[in-house]
Amino acid sequence: MARFLHTADWQIGKPFAGIRDDHKRSLVQHARVEAIKRVGGVARDRGAEFVLVAGDLFDSPSASRSTVSAACSAIGQIGLPVFVIPGNHDHGGPGSIWDLPYFLREQSTLAPNLTVLLQPVPLEIESAVLLPCPLLRRRVALDPTQWLRELDFYRDLPSDKPRIVIAHGSTQTFIGKWEDDEEDGSVGNLLELSRLPESEIDYIALGDWHGTKKIQANAWYSGTPEIDRFPKGADNEPGNVLLVEVGRGAPPQVAVEATAALRWSELTFDFADDAALDEFDDRINSLTGQRANEDLLRLTLSGSIGIQASDRLEETLESLTARLLRLNAVNLTRIAPTRAEIDALTQRTADPIIAEVARRLVERSSGDSEDANVARTALRELHAACARGSQ
Amino acid sequence: MRLLSATVRSYRLHRDVTVEFDRARTLVGGPNESGKSTLIEAVHRGLFLKARGTGDVYKSMSSTLYAEHPEVEVTFETGGRTYTVRKRFSGPSGTTQLVETGGQTWQGDEAEAKLAALLGCAAPSGRVTADKIKAQWTHLWVWQGMSGDDPAGHAATQQSELLQRLQAAGGAVVMQSDLDGRVADFFKRARDATFTIARNPRAGSDLELATKELADATTAHEQAAARLQRLQQAVADFAAAEATVQETARDLERLKQQQEVWRAKDAQAQELRHVMLGQEATLARARDSLSAREGAEAAISDLRRRVAEMRADLQPKQQEVERAEGSVADVTQLAEAADRKQQEAQTAARAARLRRDLASAWVAVHDRRDRLTAVERQLARVRELQGSLEGLRRRQAELPQLDRDGLEELQGIDTRLGQAVVAVAAMSAEVEVVAADQAIRIGDQVVDAGGSLTIAETTDLVVGDAVRLRIHPGGGDSLAEARKTERSLQQQLQGALDRYGLTSIRQAGDLVVEREHLQTQIDSADSSLAERDAAGTLQSHSTAVTELAAAEAEVTRRRENVDDPGVPSDLDAALASRRAQDESVREAEAEERRLQVERDTLREQVRDLTARTGALRNEIAEDEKALTDLEAQLEIRIKDYGDDAARSGAIDTARAAVISAEQALQKTAAALHELQPDLLKADGERLERSLDEANRRRVQAETAVAVNRSILQSGGDDDPKASAAHAAAKVSAARDHHQSVARKAAAIALLDDLFQEQQQALSDRLSQPLADKISDYLQCVFGSDVRAAVTFKDNTFRSIDLVRSSQAGASSFDGLSGGTREQVAAAVRLAIAELLAAEHDGSLPLAFDDSFAYSDPERVQVLQRMLDLAASRGLQVIVLTCNPSDYAGLGARQVFLGAAAS
């Protein structure tokens with residue numbers, strides 16, 4: 001019987017380039033290192049004997065020294081044996097991060113409890129036999145679990161220890177798709193779990209899919225312990241680790257433990273009129289509350305609003321940009337001056353030129369062409385200039 | 001407002017002058033220095049200069065002629081009322097009085113204020129200068145020398161009033177508001193801050209910064225992407241190089257094993273080749289031995305065969321020699337006989353030729369003899385003709401030398417003489433003395449009674465001593481002439497006859513006939529002689545004699561060598577003899593030639609047979625020598641190689657040795673062939689090459705491993721993948737920012753364009769009525785294709801231009817000629833005045849003081865249409881000129897300022 005923590009896809013060093021503010025980006029990056037410590041906490045609290053990381057510990061095969069140091073330090077603090085295989089992000093092979101002197105130095109100094117499984121060979125530990133399927137390239141043509149298909153192979157393994165496969169990739173029955181502006185989204189590294197001898201294997205610890213997902217009775221994706229992207233669709237549950245208890249020939253017991261700290265939300269809003277601005281403010285409040293630097297929000301705005309409402313919306317977005325860790329706003333809202341705003345400009349009998357210019361701009365501002373965009377911007381500028389009296 | 005009259009007193013040169021103005025058209029005339037400009041200035045100051053005041057302007061008005069202070073009194077009509085303003089410019093004590101006819105009177109400052117209100121323009125305050133005062137109503141008052149000033153200035157000075165009128169005239173066109181102006185200006189400044197004149201982003205502007213930021217971000221991204229690419233390449237190269245190192249190590253091992261196997265085979269092949277070399281030498285030696293014995297055997301057989309053949313060949317040759325020698329003796333005898341016969345024939349032919357030559361000599365003798373006879377006959381005839389000719393010439397020489405021409409000349413003289421005699425006889429008078437008692441003398445002759453005398457010339461007839469008659473025969477001088485001719489001809493005839501020794505004409509005629517007869521005979525004889533060639537005949541005779549002697553000598557010589565066959569009697573006999581001898585010669589020579597050929601043929605046969613015999617003898621001698629040689633050789637070979645049995649045994653032994661050596665060599669070659677020596681060599685080279693290549697690849701891959709390991713280990717300060725992602729995000733952000741800034745800049749530019757466009761449109765609408773009015777006046781002068789263009793910008797009149805539809809573009813005022821300028825300026829003043837007149841009862845006075853100085857007389861005539869149009873539209877036109885007659889067509893009231901005005 002073995003009791004361990006199954007986790008994956010830490011992706012330490014992920015750049016989060018979409019976050020333009022250096023400080024906020026650094027906060028989000030640091031949150032992933034902090035998640036390792038929380039994983040360690042859960043492991044210790046739940047009496048796990050060791051921790052399995054099913055690939056993508058690092059975000060990049062060329063992680064910087066500081067990233068390596070931070071990760072090794074956090075891993076060292078777990079205080080339990082940690083076994084890791086290279087995934088597609090931090091694949092092994094010649095010249096990989098795992099071979100580089102500064103990783104090896106930090107590993108031995110800061111994380112002596114870390115074992116990197118770079119070869120597809122069984123590793124017998126105290127309470128289990130680990131069957132690692134490391135990725136030695138970013139994308140491999142052959143199924144990394146292929147070496148586990150031969151029945152003869154299992155004769156030499158101890159019969160009393162549970163056999164745990166550690167693999168990284170998509171399975172035949174589940175190909176996850178994440179919306180991630182830093183991924184290229186192509187699928188590779190397919191794992192044919194159905195071809196593995198079912199009775200010879202007790203648990204398959206999977207990585208790659210960032211949500212927690214059970215593939216079959218003995219095969220799970222743990223998902224990433226700290227959410228790193230805006231979710232899409234209902235079929236995902238990120239931000240967890242799995243506490244697994246398994247013995248040889250018995251079905252595993254799997255418990256989901258939440259570990260995430262950051263909140264990733266999404267909101268799509270359509271402005272029917274200027275009054276919708278209030279409703280929009282309410283929705284934002286309900287999502288982010290009074291918090292600062294804890295939320296990441298993807299906002300898709302559409303519809304049309306008047307000039308003044310547009311100014312107010314801009315102010316709101318400015319506040320959100322400052323308050324949130326990240327505001328990913330896709331603002332498709334069209335500035336459509338209200339009747340009153342148009343009249344206020346075009347019906348200025350005392351200022352005949354302003355009125356005529358405004359009328360010309362209104363004529364040009366319909367449609368989605370760039371000329372219409374320019375005309376709408378011009379209307380806003382004119383509106384502002386008139387309001388100022390342009391002194 | 002109209003001026004009705006003006007009175008000026010003690011104002012410079014004017015003592016007291018009053019001018020009544022017409023309501024529409026007034027022409028003030030007067031010579032230079034008559035005070036026209038002073039008068040109109042006084043009226044202007046009466047209206048606009050406060051009476052109380054000091055300074056240069058006031059001083060300039062005082063008269064040096066009159067002691068009183070200057071006074072001006074102007075009566076005018078405005079608002080339907082008539083006013084008279086009187087001003088006395090006496091410095092600080094100056095007075096002003098304004099009187100409304102039938103109404104109120106104002107004094108002093110009140111009067112000034114009321115006046116200003118009526119005129120719609122306040123008198124200038126503060127220190128008054130000449131320019132300041134002139135600026136009042138400058139659009140109406142055309143001061144002398146200022147008529148060509150830019151009229152846009154007049155429009156500007158009256159701007160607010162004018163604009164009000166233009167707004168009214170243009171259907172209440174709206175004006176730009178202050179806010180319009182400020183907002184337009186704001187966008188113009190904003191645009192200038194963003195764009196250069198060339199519409200490029202201005203340095204330091206948001207747009208320029210955003211553009212630069214985007215370019216920088218793009219460059220940084222490209223660099224980061226390139227760095228990531230290099231890193232990824234290094235990883236790939238590292239992996240590839242490691243794989244290559246392992247692969248080449250395996251290759252090298254395999255190749256070395258193959259090389260070992262090859263080396264063993266190569267050594268075996270070398271050994272076999274060595275053995276083969278020995279066997280090949282043995283075989284060569286056996287073959288040489290066999291070949292030498294077989295060669296000797298063949299040589300012996302050959303020698304034997306040749307000896308037998310040679311002996312067989314010799315016998316017939318010797319028989320042939322014997323036969324040939326017999327033939328030579330026979331043919332030699334025949335040739336000698338033929339030679340003798342030929343010599344005989346030769347002698348006979350020579351004798352025949354000698355006889356033929358004698359016969360020819362006889363032919364020549366007879367021929368020469370006949371020819372001599374003929375020549376002698378011809379010579380005798382020549383001599384006879386020469387004698388006859390000599391006699392005829394002698395006779396001719398004896399006759400006088402008169403020919404037919406001479407005769408005709410004599411006959412001509414004679415005929416004319418006869419005619420002269422007849423003429424004298426016809427003209428002369430005959431005096432016949434019928435009876436006389438006294439001696440009568442006629443001329444020199446004394447004629448007695450009964451006598452007569454023919455008088456051919458004036459002759460005195462003297463009778464006695466007392467009577468002298470002078471007779472003039474008829475014909476006068478002609479008779480004397482005739483007589484003179486007669487005498488002359490008489491002398492001429494006689495002289496001619498004497499010259500020829502003749503006595504009469506008749507004799508002369510006979511003589512000529514005789515001479516001509518003789519000449520005919522001489523000519524005939526000459527002709528005959530010429531035909532016979534006397535000299536040639538003599539020469540021929542001499543030649544014939546000589547040739548005959550030579551022929552006879554030839555006959556004599558030849559007869560000595562020939563049996564004389566007799567002498568031919570004549571030429572025919574000689575010719576017959578020679579023909580017979582020619583035939584004898586031909587026959588003898590033919591016989592001689594035939595015998596010669598026969599002899600030569602036999603001699604040739606003797607030579608051929610002799611040569612043939614010699615050749616056969618030589619041949620036989622050589623054959624015999626060769627036979628001896630062959631027999632000697634045969635003997636030597638047999639001596640060397642043994643007899644026939646011994647030689648046969650030796651050849652069998654040598655042949656067996658060759659077969660044995662060939663079999664051994666074949667065996668070794670088969671073993672070598674089994675090893676494929678050609679391929680073996682190529683294999684060796686191939687393996688060597690492969691090893692070199694594998695080694696090279698291994699070294700190269702090891703180097704690549706080291707290099708790429710170094711690249712991979714040298715990084716780590718940052719994550720190139722993350723850096724590339726950051727750079728890409730920055731590009732995206734910069735692009736968004738740039739788009740936003742560019743859009744705002746485009747919006748600003750659009751706003752500026754629209755504001756300018758609207759301002760322009762407004763200006764155009766506002767200034768159009770003014771332009772139309774100016775055009776009306778201009779067309780009076782320049783025709784209907786001319787119109788005015790007024791530029792009104794930023795609420796100010798900027799320029800007034802002249803546009804001709806027949807020409808492209810507008811002519812600016814400054815570009816016009818002096819004359820045109822003052823005409824255009826006048827049109828503008830009239831148009832402005834017409835517009836402003838609406839505020840002044842529909843009328844305003846316009847004073848033109850010598851305003852068309854640059855215009856030619858024709859143009860001044862046309863100008864009057866313009867001035868008249870203005871008057872007909874209600875304006876009061878006052879023209880001051882020193883040439884009033886130029887404006888006779890205006891139909892104006894004329895006021896003349898002469899000396900009396902002063």
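Below, chain A is the first sequence line, B the second, and so on; all start at residue 1.
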ask   = Got more than 12 heavy atoms from elsewhere within 6.0 Å of CZ, A/Arg137?
value = no

query = Are A/Arg32 and A/Phe16 in a cation-pi contact, defined as NZ or CZ under 6.0 Å from the six-membered ring centre and within 45° of the axis?
reply = no

request  = Kindly write out the residues that satisfy ring pair (Phe, Tyr, Trp, His ring centres under 6.0 Å) with A/Trp98, not counting sequence neighbours, or none if the list is empty.
outcome  = A/Phe58, A/Phe103

Part of A/Arg348 lying under 4.5 Å from any heavy atom of chain B = side chain

note = Turns out that what part of A/Ser60 lies under 4.5 Å from chain B's heavy atoms comes down to both

remark   = Those residues of residues 359-370 of chain A that come under 4.5 Å of chain B on a heavy-atom basis, listed by number, are A/Arg360, A/Leu361, A/Arg364, A/Glu370

Pairs of heavy atoms under 4.5 Å with chain A: top-ranked of B/Leu712, B/Ile748, B/Asp753, B/Ile711 = B/Leu712

query = With respect to chain A, which residue among B/Lys744, B/Glu242, B/Lys730 yields the maximal number of heavy-atom pairs within a distance under 4.5 Å?
reply = B/Lys744

request  = Could you look at B/Glu757 and say if it's the side chain, the backbone, both or neither that has a heavy atom under 4.5 Å from chain A?
outcome  = side chain

remark   = Whatever's closer than 4.5 Å to a heavy atom in chain A on B/Asp752 counts as neither

ask   = For residues B/Asp764 and B/Gln768, is any side-chain donor paired with an opposing acceptor at under 3.5 Å?
value = no

request  = Count the heavy-atom pairs under 4.5 Å between each of A/Ile354, A/Leu100, A/Thr377 and chain B, then report the option with the highest count.
outcome  = A/Ile354

key: Distance in Å, B/Thr248 OG1 paired with B/Glu702 CD, rounded so as to fall on 0.5 Å steps   = 7.0 Å

Distance in Å, A/Leu327 CG paired with A/Glu318 CD, rounded so as to fall on 0.5 Å steps = 11.5 Å

task = Can you sort out the partners of A/Arg105 under side-chain hydrogen bond (donor to acceptor under 3.5 Å, both in side chains), two or more places apart, ordered by chain and number?
result = none

query = Among all residues two or more places apart in sequence or in another chain, which pass the side-chain hydrogen bond (donor to acceptor under 3.5 Å, both in side chains) test with A/Ser302?
reply = A/Asp270

query = Which is it for A/Thr224 and A/Arg229 under the side chain to side chain contact (heavy atoms under 4.5 Å, CB included) test, yes or no, and what are the steps along the way?
reply = CA-CA 10 Å; A/Thr224 180; A/Arg229 56 190 77 170; over 6 Å; no

